[in-house]
Amino acid sequence: MSDPEHFSDIYANTPSTEFQGARQRTRPGTGPSEQVYDKVVDPSGSGRVVSVKPANKPFLASKARREAYQKRTTTRPDRQDTRRSSPSAGWSTILLVLLFLPLLSSFTTNTYTFTLGPKYLPKLRKAIETSHLNPFRRQMLTLTPEQLARFDGSDRWLPVYVGILGEVYDVSKNRRIYGQGGSYNMMAGRDASRSFVTGCFQTHLTHDLRGLTDDQLKGIESWRKFFENHADYRLVGHVLNPPIDPATPIPADCRTEDAGNKPAAKPDDHPNIHGPKPKPAHRHVEL
């Protein structure tokens, strides 16, 4: 059996390896014809020392390129990978989705808003037009009753405004009704909140709400919401109504048989409101 000391050095020649034709063992870099390569620290971070022999060069070169790139992007933030830092790719995706949704809606519902337009578009339009984030938002007007009276439809070059509960709405798209000669022209150019629920279009064209019941007050609020959510009407401002003198008498109720006034109505009472004119056989007052 061989002496264990002979195996303490794997590069040492032993009697068992010394025979004719045997290749003598040598330590790396000590052979007579062996090429000696420089050694560097393993870039993988293991701490080992590796040679730069041809078999290791691709790995070492790749590691060097990665380190150089990381160094450049760290010292020059403006040259970071644009594929990750540029938002153009994300905006392009969002734009494509926004363009595709109306087409999908048109194909499935024959509308561009999935039939949600009449319910949500007026509210969305109002939110956009009045948002402080919108640099082109419409500036709200503050009108006195005298200034509001100019927009009663008598001047065809001016819009038609209707006031209710201190808010002023542009109803010019229904000039046929609220403009000069229209069936409800008496309500244009003023805040006639009381007449919306009493039907007294001669004596109740006022913002005085004294003496009204809770149901009547709720009815006026329903009318205000009607104007607010209508697709053709826009809130343009407010009117500075003068305070009501408590010493003045409350407007008298005019709904008697000989007064010729229509009883109070609600927005839902007339589904065709501001739509096509009703047929003569169904004559009724529409607001």
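Both L98 and W91 sit in one connected hydrophobic cluster of ILVMFWY residues. Membership requires side-chain heavy atoms under 4.5 Å apart, directly or through other members. With hydrophobic clusters built from ILVMFWY side chains whose heavy atoms lie under 4.5 angstrom apart, V171 shares a cluster with I220. Hydrophobic clustering (ILVMFWY, side-chain heavy atoms < 4.5 Å, transitive): L205 and V160 are in one cluster. Residues M186 and F151 do not share a hydrophobic cluster, clusters being chains of Ile/Leu/Val/Met/Phe/Trp/Tyr side chains in contact below 4.5 Å.
Between the CD1 atom of I177 and the CG atom of N174 there is a distance of 4.5 Å, given to the nearest 0.5 Å. In this structure, T144 OG1 and R150 CZ are separated by 10.0 Å, a value rounded to the nearest 0.5 Å. In this structure, T206 OG1 and I250 CD1 are separated by 11.5 Å, a value rounded to the nearest 0.5 Å. Going from atom CG of D253 over to atom SG of C200 covers 5.5 Å, rounded to the nearest 0.5 Å.
Here the shortest heavy-atom pairing between D191 and I164 reads OD1-CA, 3.5 Å. Scanning all heavy atoms of the two residues, the minimum distance from G211 to Q216 falls at O-OE1, 4.5 Å. Taking every heavy atom of both residues into account, F196 and G163 meet most closely at CE1-O, 4.1 Å. Closest non-hydrogen pair, S195 versus F201, comes out as O-CE2, 3.5 Å. Shown here for V239 and P145, the closest heavy-atom pair between the two residues is CG2-N, 4.0 Å. Between L235 and M140, the closest heavy-atom pair is O-CE, 3.4 Å.
Proximity of L141 to V168: side-chain heavy atoms (C-beta onward) are nowhere separated by under 4.5 Å. No side-chain heavy atom of H238 sits under 4.5 Å from any side-chain heavy atom of T142. Contact annotation: the side chain of H207 approaches that of I244 to within less than 4.5 Å [non-hydrogen atoms, C-beta and beyond]. Side chains of R190 and D152 form no contact here, defined as non-hydrogen atoms less than 4.5 Å apart. Between L165 and L209 the shortest side-chain heavy-atom distance falls below 4.5 Å. Side-chain contact between Y161 and L148 is present, with heavy atoms from C-beta onward closer than 4.5 Å. Using a 4.5 Å heavy-atom threshold, the side chains of C254 and T198 count as separate.
Heavy atoms of other residues, nucleotides or ligands lying less than 6.0 angstrom from CG of D245 number more than 12. The environment of R210 atom CZ is dense: over 12 non-hydrogen atoms of other residues, nucleotides or ligands sit within 6.0 angstrom.
Counting Ile, Leu, Val, Met, Phe, Trp and Tyr side chains that sit under 4.5 Å apart, directly or through other members, L95 shares a hydrophobic cluster with L99. Side-chain heavy-atom separations under 4.5 angstrom define the hydrophobic clusters, and W157 shares its cluster with no other residue.
Checked by atom type, the side-chain pair S172/D170 shows a donor-acceptor distance below 3.5 Å. Side-chain contact annotation: R194 with T203, donor-acceptor N/O pair under 3.5 Å absent. Side-chain contact check for Y169 and E167: at least one donor-acceptor pair (N or O, by modelled atom type) lies under 3.5 Å.
Side-chain atoms of Q70 never come within 3.5 Å of backbone atoms of E67 as a donor-acceptor pair (strictly under, hydrogens ignored). Using a distance-only test at 3.5 Å, with no hydrogens or angles considered, a donor-acceptor pair links the side chain of N185 to the main chain of G179. Between the side chain of H204 and the main chain of A252, a donor-acceptor pair closer than 3.5 Å is present.
For an aromatic pair to be called close, the ring centres must be under 6.0 Å apart, and F227 with Y233 satisfies this.
For the pair E221 and R224, the salt-bridge criterion is met [side-chain N within less than 4.0 Å of a carboxylate O].
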